[in-house]
Amino acid sequence: MKSKITRTFLLGLILATGTLHSQTQSPENKKMEWFQDAKLGIFIHWGIYSVDGIAESWSFFNNYINHENYMKQLDGFSASLYKPDEWVKLIKDSGAKYAVITTKHHDGVSLWDSKAEKATTIPKNSLAKKDVLAPFISELKKSGLKTGLYYSLPDWSHSYYDNNTKTKKRYEIKNDPKRWANFVNYYQNQLNDLSNQFKPDLLWFDGDWEHSSEEWQAPKTLENLRKYNPNIIINSRLNTHGDYETPEQGIPVINPQSDYWELCYTMNDAWGYQPFDKNYKTPNMIVRTLADVISMGGNLLLDIGPKADGTIPAEQVEILKNLARWTSKHPDAIYGTRHGLPFDNYKGKSAMSKDGKKLFLYLEEAKDFIKVYGLNSMPKSAKIVGDDNGKVNFRADNNGNVTISFSNVKFDQDVTVVELDFNDKITFSKIIKKDNLSLNQILEDKNSKSATFEIAEQLHAGNNIFNNSGLTSDGMDMKLPKSSKTNIETINWISKNAEVLLETEKGLPNGHYSGNSVLSKDKQTLYLFVEGTPTGPIALKGIKNGIARIRIVGEGSLVNYRSYNKLYWSDKPGIIYIDIPRERLDKNMTVIAVLLDKPIELFREKVGAVENNL
């Protein structure tokens, strides 16, 4: 799916002083406000491909199955247990503010009773013999959720369309322009029908990469849509005519350059229902993905793939119910927020309230404290969202660097939210000033957790305080400076993790890991500093390399890891989740060594749409 963006909105909400500004409410911004506020939507891929559990449309396009056998699935699409009211309740309870359903995928099968010429439809051509789109949209509108309709521009089954499979082409447009004009008329009639019947708030196009804007007659299509709804929102996949970016599958490493964007994301590896695809992300991973997307100012469009009978797989229901648990607990930290602090100011996930007076910090681990750097004003209060008994204290130094400490906190099973309230709009400095402690000062810190954190911070920034310090490569026979005030627990931690501290170099830039890190001198081993007790596997994004092994530093234990959303034919890396056994966590700070197949290569390009599905 090819993502072509019509407008590039620079993230101009941070000026030289780091002042957060609200958007000017132009008509375009105003129509996008509900979308930008929504943060969570549910994608629904439902079609005849759910009958045999094969890839939607692509399975015949790529000649994995011939077209005739693919279309035989019409005879098995029953929708016999379909209950659209239950779908909508599940979606609304999850915390989603809109839903997008596939009205027609590339296979050309329409869920509604399309009257367009030679249309293949569920009511006319399938076992179900009924319009399955209309009742869902009716329930959606009754619920107050916004209506999104997915529509595939290509129709690989239609006789008027030029492409049939990757090896079969019906005709060349230049040789038969009238036939192509008939197809354009066909698809635009379908869109007019959808607009007239269902009055969508959003149209989600797909497949625009197969033809140019001129061939699709995109300006006319957009003009027609606006006749039905002047405020219709269009995704980025109507060649050069769209309102927001749609990165697909890969969570962006760096913030997309549009004010408005949406990550479309599967729960396992498939869009439609595939019974043998059990590679589901855990509910914990999905909640943390939502927090990640919110922190970058985007929306998560999370996909479900119902079965042919209309039921939703149990694994998907479980994920939606856990989302409901988390979103209902943290509504103010989700809806209407804008992206958070830069990585240099806070090495974690965060978001701002729309008025710029609240800062939300998303914690993926239970720990004693966090640090925020470069604030130009101090919060008036702080709390743990959803935990009235949790205590949050904060103190600042002369540079606006704030230490926030916790006690008696019941940390959330997925993501804990800390809310800082300010009297005025939050401002912060992009130039961080720290009074870095010397090695002697660190060794004399009575709090070993604070000491190890300071070590990680300085090493990540490229300030290796252990050069010429007396540290040895194996942590034995060290000649570090000692005094009567030296904290032996810190010394022991240094000895255990000596390989990470000696001659290592600056850590990863923003976006790849929510925390401190360093690289070995040959850049082939990545060390991750893990604070506290993570709620799930730690996440690593945008690493192009193959991984040889991952181990816990200082004790050699190998740990399991798994990559999700890595398409074997694409250079875009997946997200790596690393499991750390709780019983092996260091009480001060755990360090994980990721051995790479060659010097590290980072993916920091724009994450676009998927243009094929081999």
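Keep in mind the model is a prediction, meaning the values are calculated, not measured.
Using modelled atom types, no side-chain atom of Glu248 and backbone atom of Cys264 make a donor-acceptor pair closer than 3.5 Å. With hydrogens and angles disregarded, no donor-acceptor distance shorter than 3.5 Å links the side chain of His339 to the backbone of Ser295. Looking at Asn345, its side chain does come within 3.5 Å of a backbone N or O of Ser429 through a donor-acceptor pair. A donor-acceptor pair under 3.5 Å links the side-chain atoms of Trp493 to the main chain of Met589, judged by distance alone. With hydrogens and angles ignored, the 3.5 Å screen pairs a side-chain donor or acceptor of Gln458 with a backbone N or O of Leu437. Of the possible donor and acceptor atoms, one in the side chain of Thr282 sits under 3.5 Å from a partner among the backbone N and O of Met285. One N or O on the side chain of Asp277 and one on the backbone of Asn279 form a donor-acceptor pair closer than 3.5 Å. Side chain of Asp355 to backbone of Lys357: a donor-acceptor contact under 3.5 angstrom is found. Looking at Tyr335, its side chain does come within 3.5 Å of a backbone N or O of Gly95 through a donor-acceptor pair. Between the side chain of Asn497 and the backbone N or O of Val500 there is no donor-acceptor pair closer than 3.5 Å.
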Can you list the steps and then say if Thr337 with Lys354 is a side chain to side chain contact (heavy atoms under 4.5 Å, CB included)?
CA-CA 5 Å; Thr337 58; Lys354 194 187 298 188; over 6 Å; no
Pair Asp37, Arg338 - check side chain to side chain contact (heavy atoms under 4.5 Å, CB included), show working.
CA-CA 8 Å; Asp37 289 348; Arg338 300 296 182 258; 3.0 Å; yes
Show your reasoning for whether side chain to side chain contact (heavy atoms under 4.5 Å, CB included) applies to Leu323 and Leu302.
CA-CA 11 Å; Leu323 271 173; Leu302 184 65; 3.6 Å; yes
With side chain to side chain contact (heavy atoms under 4.5 Å, CB included) as the criterion, how do Val317 and Glu315 come out once you've worked through the C-alpha distance, each side chain's angles and the decisive distance to 0.1 Å?
CA-CA 5 Å; Val317 172; Glu315 298 93 336; over 6 Å; no
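Shown here for Gln249 and Leu263, the closest heavy-atom pair between the two residues is N-CD1, 3.9 Å. Closest heavy-atom contact between Asn464 and Phe466: OD1-N, 2.9 Å. Counting all heavy atoms, side chain and backbone alike, Phe360 lies closest to Ala333 at CD2-CB, 3.5 Å. The two atoms that bring Leu528 and Ile578 nearest to each other are CD1-CD1, 4.1 Å, heavy atoms only. Heavy-atom minimum distance, Pro331 versus Ser328: CD-O, 3.4 Å. Closest heavy-atom contact between Tyr527 and Ala593: CE2-CB, 3.6 Å.
Atom CZ of Arg584 has 12 or fewer neighbouring heavy atoms from other residues, nucleotides or ligands inside a 6.0 Å radius. Atom NZ of Lys380 has more than 12 heavy atoms from other residues, nucleotides or ligands within 6.0 Å. The number of heavy-atom neighbours closer than 6.0 Å to CD1 of Ile431, taken from other residues, nucleotides and ligands shown, is 12 or below.
Using a cut-off of 4.0 Å between Lys/Arg side-chain N and Asp/Glu carboxylate O, Lys383 and Asp421 are scored as not salt-bridged. Salt-bridge check for Asp445 with Lys485: failed, with every basic side-chain N at 4.0 Å or more from each acidic carboxylate O. Using a 4.0 Å cut-off between a side-chain N of Lys or Arg and a carboxylate O of Asp or Glu, Glu531 and Lys371 do not qualify as a salt bridge.
Checked against Asp368 for a salt bridge (Lys or Arg N to Asp or Glu O under 4.0 Å), the options Lys449, Lys391, Lys587 give a single hit: Lys449. The only option from Leu595, Ile550, Leu508, Asn545 that meets the side chain to side chain contact (heavy atoms under 4.5 Å, CB included) definition with Leu526 turns out to be Leu508. Screening Asn588, Asn492, Asn487, Thr490 against Ser448 for a side chain to side chain donor-acceptor pair (under 3.5 Å) leaves a single residue, Asn588. When Asp387, Asp412, Asp414 are each tested for a salt bridge (Lys or Arg N to Asp or Glu O under 4.0 Å) with Lys329, only one passes: Asp412.
By the side chain to side chain donor-acceptor pair (under 3.5 Å) test, Thr525 is found to be paired with no residue, residues two or more places apart in sequence or in another chain being considered.
In this structure, CG in Asn376 is found 3.5 Å from OG1 in Thr427, a value given to the nearest 0.5 Å. In this structure, Leu290 CG and Arg288 CZ are separated by 12.5 Å, a value rounded to the nearest 0.5 Å. Residue Leu375 holds its CG atom at 8.0 Å from CG of Leu420, rounded to the nearest 0.5 Å. Expressed to the nearest 0.5 Å, how far NZ of Lys358 lies from OG of Ser381 amounts to 8.5 Å. Atom CG in Leu439 sits 10.0 Å away from atom CG in Leu501 (nearest 0.5 Å). Taking CD1 of Ile575 as the reference point, atom CZ of Arg562 lies at 13.5 Å (rounded to 0.5 Å).
Between His45 and Phe43, the angle of the ring planes goes over 60°, which puts this pair in the perpendicular group of the 30/60° scheme. Taking the six-membered ring for Trp and thresholds of 30 and 60 degrees, Trp326 and Tyr362 have ring planes inclined between 30 and 60 degrees apart.
Proximity of Tyr373 to Asn401: side-chain heavy atoms (C-beta onward) are separated by under 4.5 Å at one or more points. Considering only heavy atoms from C-beta on, Phe529 stays 4.5 Å or farther from Ile455 through its side chain. When side chains are defined from C-beta on, Val385 does not count as touching Asp332, because their heavy atoms never get closer than 4.5 Å. Annotation: side chain of Lys281 is not in contact with side chain of Ile319 (no heavy-atom distance under 4.5 Å). No side-chain heavy atom of Gln316 sits under 4.5 Å from any side-chain heavy atom of Leu320. Side-chain contact between Thr266 and Tyr564: absent, with no pair of heavy atoms (C-beta onward) separated by less than 4.5 Å. In this structure the side chain of Pro481 reaches within 4.5 angstrom of the side chain of Leu443, judged on heavy atoms. Side-chain atoms of Thr327 and Lys39, non-hydrogen and from C-beta on, never get closer than 4.5 Å to each other.
If you check the side chains of Glu262 and Asn299, you find no donor sitting under 3.5 Å from an acceptor. Side-chain contact, Tyr244 with Gln36: no donor N or O sits under 3.5 Å from an acceptor N or O. For the residue pair Thr535 / Asn284, a side-chain donor-acceptor distance below 3.5 Å is found, with atom types taken as modelled. Side-chain contact, Asp522 with Ser520: a donor N or O sits under 3.5 Å from an acceptor N or O. If you check the side chains of Asn322 and Gln413, you find a donor sitting under 3.5 Å from an acceptor.
Within the cation-pi definition used here (under 6.0 Å to the ring centroid, within 45° of the axis), Lys347 qualifies as a partner of Phe343.
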